[in-house]
Structures are given as C-alpha cells and as structure tokens.
Amino acid sequence: MNRDALDALIATYRLHPEPALLALILAAGDAAAVLPLLATLDDQALADPVMRRKAGALALAGRDHTLARTLAEAGREPEDQMLLARVALAEGDSVIAGVAYRRAITANPTLEDVDLAAAIALGADASPTGDPEKLTNVVSFSGRRTERGGTAPHSLAPTPLEAATRVTFADVGGLEDAKNQIRRRIITPFLKPSLFEKFRRKAGGGVMLYGPPGCGKTLLARATAGECRARFFSVHIAEILDMYVGQSEKRLAAAFEEARRETPTVLFFDEIEALAARRRYGSNDASASLVSTFLSELDGFQQNNEGVLILAATNVPWAVDAAFRRPGRFDRVQFVPPPDRAARADILTALLAGLPGANALDLAALADRTSGFSGADLKNLVETASDLAIETSLAEQTQGALSDAVLAQSLKEVKPTTLEWLTTARNYAKYSNTAGQYDDVLTFLDKHGR
Ligand code: ADP
C-alpha cells in the first residue's frame, strides 16, 4: 500500500473506527505513517492482543519506546514478554530484556529467537544478574492511555516486571569510594530516618550522580534501590521531552505521584541535563512550564518525601542549571568516576563469563591495560574480540576461542572514551568550581596523575 492510500485509510478510520480498518492499517507495517494514530488509540481499539502487539512492534520500529513498552506491558502472554524484551533491548536495558526473554521462552519455547537472544546476551548485565529467581525490584514507568487522545497519568499499567532483577552493590564492580559515599549519604539516612531526626539532620532532597558516560551511573542508581530494598522507577527525560505539549507535564507529575503511591521507591531521572538545557535555550512557554512543573514537584517532595529517594544522572553536570541544585532539590552531588582497576577486572569477568577461551585469559593484565575505559568501552572491547574470534572460526572451520592475542588485537581498535570527558571536567573544575562541586573530579585526577 502506498503512503497516500495508507493516509486515506487512516483518515477514514479516524471517522469510522472499525477494527477491520485498523487491522489493514497495522498490516501495512509503515511505522512512520501510523505512529500519530497509534498515540491516540484507546485500550478498546487495541483490545485484541494480536493487534495490540502489532501496534507495539510498530511503535518500537518508530522508536516510540514509551508507547511500545505500554503496549507490551498491557498483556501478560509470552508474546507480550517477547515484545517487552525487544523494547528493553532497544532501550539498552539488557537485564530487563534478558528477564522478559527468558520468561517468554520458558512459557512458550516456540518463541525462541536466536538473534534476539544473542543481542541480549552480549549486553553487559545479562549474565550475572539475569537469574529470574532473584527478581524483585525494578518497575518501569509507563502511562496507560484510557480515552481517545488522552492520557491518564494516574492509572499506570501494572508491569509484569514488578519483580525484575534486584541489583545490589555486589553487582557493581569496584567504585568503593562512590559506594561508601552513597551508603553514608543516601542509604543510611533513607533506611534510618528517625536516627537522623534525633540529630536534627534532614535526609534532604535529591542526589545527582555525574560522571563520564557508560561508567555505571544508571547501574549504581539501580543498585542503590536494591540496597534500600526499594522499587526502582526510572524516567528518561529525553523521552518525556519528545511528547506533545502538555503531555510531558502530565507524565512528569504522574511519575512523582506513582513514586509516592507505594514506598519505598527510588525515583531516577536519567539525562537530567535535557531539562536544564531546555530551560536555558527554550524560549516558549511550554518548555518553561515543564521545568517549573519539575521544580515544583521536587520542592513539594521536600515537604513530603517519606520513603521516596530521588536520584538523577547526568554526563554534563555543567549544563545543569544552578536552580536545580538549590537546597531541597538536587543538593547533593556524587561523582561516579571511570572504573578503577578492580572495577575493570570485575566488569571484564562479568562480560567474559562463559565465552570460549575466557578462562585462560590474563585478566589482571587486561585490567591493567584498560585504564580510562568506561564500562561501555569494555563491553565494546569484548564484543570486538568476540567478532575477531568468530571470523577466525569461520575462516578455519573450527570453533575458535578468545585469547590474549585476540584481546591485544582488539585493544588496538577500541579506544577509551573517558579521557575526553575528564579533560573537559578538569577545565570546569579549575575555572568554575563554585562551592567546590567538582572537588571529587580534581581528587580523582590528582590520584591518577592526569
Ligand atoms: P551510565 O549511566 O554512567 O552512562 P551505565 O550504568 O548505563 O552507565 O553503564 C553502562 C554499561 O557498563 C552497563 O551495561 C553496566 O552494566 C556496565 N558498567 C559500567 N560500570 C560498571 C561497574 N562498575 N560494574 C559493572 N558494570 C558496569
């Protein structure tokens, strides 16, 4: 069906919402053309699970991950879990993807998909924590649509992953300083509020984690929730910003409300700078109103934040407006540095687990030689080495293996990405270190002689 015909069909369906028409529209498989329609459909229009999944797959193809996730979470069949696995993978969350995938194929082995399984297994988090037995605390944020064109921010779809993997500090390699700081400044006040009250210390507002990309901010946030035995509720600012005017505010307010609904909860905002940058460059009322919604929700939490811990992460702390760091908002910041040697060894161990030849590798030497690598860089390194081993296997018609030589070869191709971040951070720390907010970066640079 060409685009004009499809558009005509969509226009007809808007006037006469017949299920048969919708089936035709979905069957055309044109994500870009149907996304605006999908966003306005109600639960009833997508009551048929096959249609709903089809719509979810199209939303995923059109990169509307929030919608795709909502549609996947609306059902509890293995096929829905499969869709959820794909959405989670697209979002870069291999832990959830792994859990959902295993659930799907355990219930219905015919759904097995080797490509998807391989993509998930290469995700760093997949193996060590992906045991469905350990499931307890991850909740994803999703709004459920109820009426045509509307969003009901208060009725959030219950997620089948309410019990997803409980990640704790044990799953985070190294980073002892950051863990100790988080324990002392975040977890203890959260778990023992009355002790803090006795000393007239307030547990305070939110905590902003900052550091180079791919170094475990999200992982630490999730592990903090695990340590607090709290639900983990994650909101991607960039996704919220993509929404129509007015919807973003509703979504944000709903996230705060949902977090309060069932405590203890860790409410995590990823890429918080997207909001702050919007405040600076956005000139229209809509962006200003989103930021003020956010700040007033935060301020409201100062009064009534029992059982909810607010965390945020950013790779660009210097782009975050100072208004965000006022008392009661993100008044504590925590540097999450590039993984130290111990952390790199841990991450590599997890990444290499079960790969052919991994047991014979000189991990200590590899950890030594990967200074400046982020967790994501290490993942890239192991993937590159695996690709080389696969190529050799194919060329030699025997199953090859990873070896120190293969990893040395990969090290020539994969370069560390944290150095550039550290250079930029050093400049900010030197020239605009108001209130010593980047002292930890300077200490880190001193300690590592950079
Ligand atoms: P960030 O939020 O800082 O951009 P993530 O937390 O998403 O980074 O980490 C990127 C990837 O690297 C994840 O797959 C994570 O599991 C892995 N990783 C990073 N740091 C660590 C660490 N210290 N221990 C274990 N895995 C890590």
Side-chain angles (χ1 to χ4, degrees), residues 88-99 119-130 138 140 164-182 207-227 232 234-239 266 268-274 311-317 319-320 333-353 363 366-367 370-384 414 416-418 420-422 425 440-441 444:
L89 185 66
E91 289 176 328
D93 199 336
S94 45
V95 175
I96 303 268
V99 171
I120 293 171
L122 286 174
D125 308 331
S127 46
T129 49
V138 180
S140 62
T165 314
R166 196 166 103 91
V167 177
T168 66
F169 279 173
D171 299 304
V172 182
L175 298 178
E176 291 311 323
D177 280 352
K179 284 184 199 165
N180 285 337
Q181 289 284 343
I182 292 176
V207 182
M208 188 170 81
L209 307 174
Y210 74 96
C215 287
K217 293 182 291 299
T218 308
L219 185 65
L220 266 177
R222 184 168 285 182
T224 303
E227 294 288 325
F232 184 68
S234 153
V235 180
H236 284 269
I237 296 287
E239 248 176 46
V266 168
F268 176 60
F269 294 97
D270 206 357
E271 300 177 48
I272 190 82
E273 75 279 357
L311 297 181
T314 179
N315 302 332
V316 274
V320 175
V333 292
Q334 174 66 49
F335 178 44
V336 181
D340 51 22
R341 195 185 167 287
R344 293 196 300 273
D346 283 353
I347 298 168
L348 284 166
T349 307
L351 287 172
L352 290 163
L363 263 189
L366 197 55
T370 45
S371 170
F373 279 61
S374 68
D377 294 337
L378 292 173
K379 188 166 151 191
N380 192 359
L381 177 73
V382 170
E383 286 174 3
T384 305
V414 181
T417 59
T418 66
E420 195 185 331
W421 189 95
L422 287 168
D440 291 343
V441 176
F444 176 86

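As the structure lists them, so they are numbered: ligands from 1, and atoms in each ligand from 1. Numbering starts at 1 and runs along the sequence shown. Nothing here was measured: the structure is a model prediction, and the numbers come from that model.
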Enquirer: Quick test of your reading of the structure: of G216, G173, G92, whose heavy atom lies closest to atom 24 (N) of ligand 1?
Expert: G173

Enquirer: Is the closest heavy-atom distance from P339 to ligand 1 below 4.0 Å?
Expert: no

Enquirer: State whether the side chain of R222 and the backbone N or O of V167 hold a donor-acceptor pair below 3.5 Å, judged by distance alone.
Expert: no

Enquirer: Would V172 count as being in polar contact with ligand 1, using the rule that some N or O on each side must be under 3.5 angstrom apart?
Expert: no

Enquirer: Using a 4.0 Å heavy-atom cut-off, which part of L175 comes near ligand 1: side chain, backbone, both, or neither?
Expert: side chain

Enquirer: Counting N and O atoms only, with roles assigned by atom type, does the side chain of K217 sit under 3.5 Å from a partner on the main chain of G211, one being a donor and the other an acceptor?
Expert: yes

Enquirer: Measure the distances from the heavy atoms of C215 to every atom of ligand 1 and state whether one is below 4.0 angstrom.
Expert: yes

Enquirer: Taking distance alone, with no angle check, do K217 and ligand 1 share an N/O pair under 3.5 Å?
Expert: yes

Enquirer: Sub-3.5 Å donor-acceptor pair from the side chain of S94 to the main-chain atoms of A97, do we have one?
Expert: no

Enquirer: Under 4.0 Å from ligand 1, counting heavy atoms only, is it the side chain of I347, its backbone, both or neither?
Expert: side chain

Enquirer: On a heavy-atom basis, which atom in S374 and which in G214 lie closest, and how many Å separate them?
Expert: CB-O, 3.5 Å

Enquirer: Pairs of nitrogen or oxygen atoms closer than 3.5 Å, one from P213 and one from ligand 1: do any exist?
Expert: no

Enquirer: So is K379 polar-close to ligand 1, meaning N/O to N/O under 3.5 Å?
Expert: no

Enquirer: Measure from the side-chain N and O atoms of W421 to the backbone N and O of N315, and report whether any donor-acceptor pair falls under 3.5 Å.
Expert: yes

Enquirer: With no hydrogens and no angle check, is any side-chain donor or acceptor of K179 less than 3.5 Å from a backbone partner on F169?
Expert: yes

Enquirer: Would you say A376 contacts ligand 1, with heavy atoms under 4.0 Å as the rule?
Expert: yes

Enquirer: Salt-bridge test for D346 and R341: reply yes if a basic N is under 4.0 Å from a carboxylate O, no otherwise.
Expert: no

